[in-house]
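Below is one structure, written out as structure tokens, with a few remarks after it.
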Amino acid sequence: MKLLDGKKLSVEIKDEMAGEVSEIVKSGQRPPHLAAVLVGSNPASTFYVKSKVKNCKKIGFESTLIEKSADTSEAELLGIIDQLNQRDDIDGYIVQLPLPDHIDEERVNLAIDHRKDVDGFHPVNFGRMAQGMPAFLPATPYGILMMLERYDIDTTGKHCVVVGRSNIVGTPMSILMSRKNKPGNCTVTLTHSRTKDIGAELRRADIVIAAIGKPNFVTADMIKEGAVVIDVGINRVEDSSKKKGYRIVGDVDFDNVSPKCSYITPVPGGVGLMTVTALLKNTLHARNKSIYS
Ligand code: GUN
């Protein structure tokens, strides 16, 4: 069994990006600039947004964090989005999800200029991705593709089973893994909460992508010998032996599943770090106008 080391890989890719940024700056141009909008103070969202901003700084990107209180109106948020769409000094931005209940996430998503949608959530980017056109890919699936590519994992003709059909991970991942691409070219099964027997589907998988948000959901009896297992889950479980009172586990029962795998991602230290790296990569694409001129 080999670990797919998201920590090592994200450092490697971020170093490459830092090199590109210094070339951009040396040539007299401004560095890439990512903005993030955070509404409210959900602890997980606050943590993720701050980590995105911190990572920008590390590789020489500019970043702007716009923090608004949880009672911010939808109209005010749409006003901020309008300004971000218009600012020439900002290449891309994200609105951290989830938003408070009184704000319509769909309306917000549609208001984002797709040319600045480095989250890849806007239907224009989603549609372009589905048709194999240049697009901002959603960060987690993009991070997983980079991981498969850099570890040279052969996906062609393999059976990939995705667990979870979210708009952010499961659904786009299933599309990308089936596209005529490398990585890609898989036969894909997308499983979800109404799938009759997820275990039976998983047992046929050469590649498993678990993104269901349930701690230790994928157990050893569901895994074929030699499978590649990608664990997207970041779940808090109570643990009184930890200072914080909890620890982070994935969607996969790592201890029992890992001996059966050819490759597996750890949690933490796997997909999560690649997600931030992929967002930075999208911001660099936005700065270089490599997707939309
Ligand atoms: N909430 C959970 N994941 C994400 C993400 O990738 N982007 C944004 N904007 N919000 C999220």
Side-chain angles (χ1 to χ4, degrees), residues 6 10 33-56 61 63-68 70 72 74 77-78 80-81 84-85 90-101 103-126 129 135-147 162 164-173 175-176 209-214 230-236 248 250-251 267-268 270-286:
S10 60
H33 186 170
L34 173 74
V37 185
L38 175 64
V39 183
S41 54
N42 173 311
S45 292
T46 306
F47 173 81
Y48 292 134
V49 167
K50 298 221 157 138
S51 143
K52 289 167 187 177
V53 168
K54 203 165 69 189
N55 273 281
C56 279
F61 284 16
S63 61
T64 298
L65 174 57
I66 301 171
E67 286 182 277
K68 302 299 291 181
T72 300
E74 185 179 290
L77 178 58
L78 291 172
I80 292 168
I81 289 173
L84 290 169
N85 285 343
I90 287 178
D91 301 296
Y93 67 94
I94 62 155
V95 178
Q96 187 66 26
L97 303 177
L99 288 166
D101 288 345
I103 299 179
D104 182 344
E105 281 185 5
E106 203 171 287
R107 198 169 294 147
V108 168
N109 189 27
L110 286 170
I112 296 172
D113 184 334
H114 65 272
R115 293 166 301 184
K116 293 191 174 188
D117 168 38
V118 285
D119 254 333
F121 294 169
H122 191 284
V124 169
N125 281 310
F126 199 97
M129 170 204 71
F136 291 119
L137 303 181
T140 300
Y142 187 19
I144 293 170
L145 291 184
M146 285 196 272
M147 200 171 219
V162 179
R165 58 178 155 186
S166 70
N167 284 344
I168 297 182
V169 186
T171 299
M173 200 71 239
I175 294 169
L176 289 162
I209 300 175
I212 196 166
K214 290 190 179 154
I230 309 289
D231 189 351
V232 181
I234 302 178
N235 308 295
R236 285 183 184 191
I248 300 292
D251 291 350
V267 176
V271 172
L273 298 166
M274 292 303 295
T275 297
V276 180
T277 304
L279 173 69
L280 300 175
K281 196 96 181 160
N282 274 342
T283 307
L284 188 56
H285 292 321

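Note that the numbering runs from 1 along the sequence shown for the chain. We count ligands from 1, going down the list as the structure has it; atoms in each ligand are counted the same way.
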List the atom of [X], the atom of [Y], and the distance in Å for their closest heavy-atom pair.
X: Leu279; Y: Ala139; value: N-CB, 4.1 Å
X: Pro100; Y: Ala70; value: CG-O, 3.6 Å
X: Val276; Y: Ser51; value: CG2-OG, 4.0 Å

Q. Lys68 side chain to Val39 main-chain N or O, any donor-acceptor pair under 3.5 Å?
A.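 The answer is no, because no donor-acceptor pair under 3.5 Å joins these two groups.
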Q.
Using a 4.0 Å cut-off on heavy atoms, what residues surround ligand 1? Order them by chain and number.
A. Lys52, Val95, Gln96, Leu97, Asp119, Phe121
Q) Does a sphere of radius 6.0 Å around CZ in Arg165 hold more than 12 heavy atoms from other residues, nucleotides or ligands, not counting ones at 6.0 Å or beyond? A) yes
Q) Do Thr140 and Thr275 meet the criterion of a side-chain donor-acceptor pair at a distance under 3.5 Å? A)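 On atom types as modelled, these side chains qualify, holding a pair under 3.5 Å.
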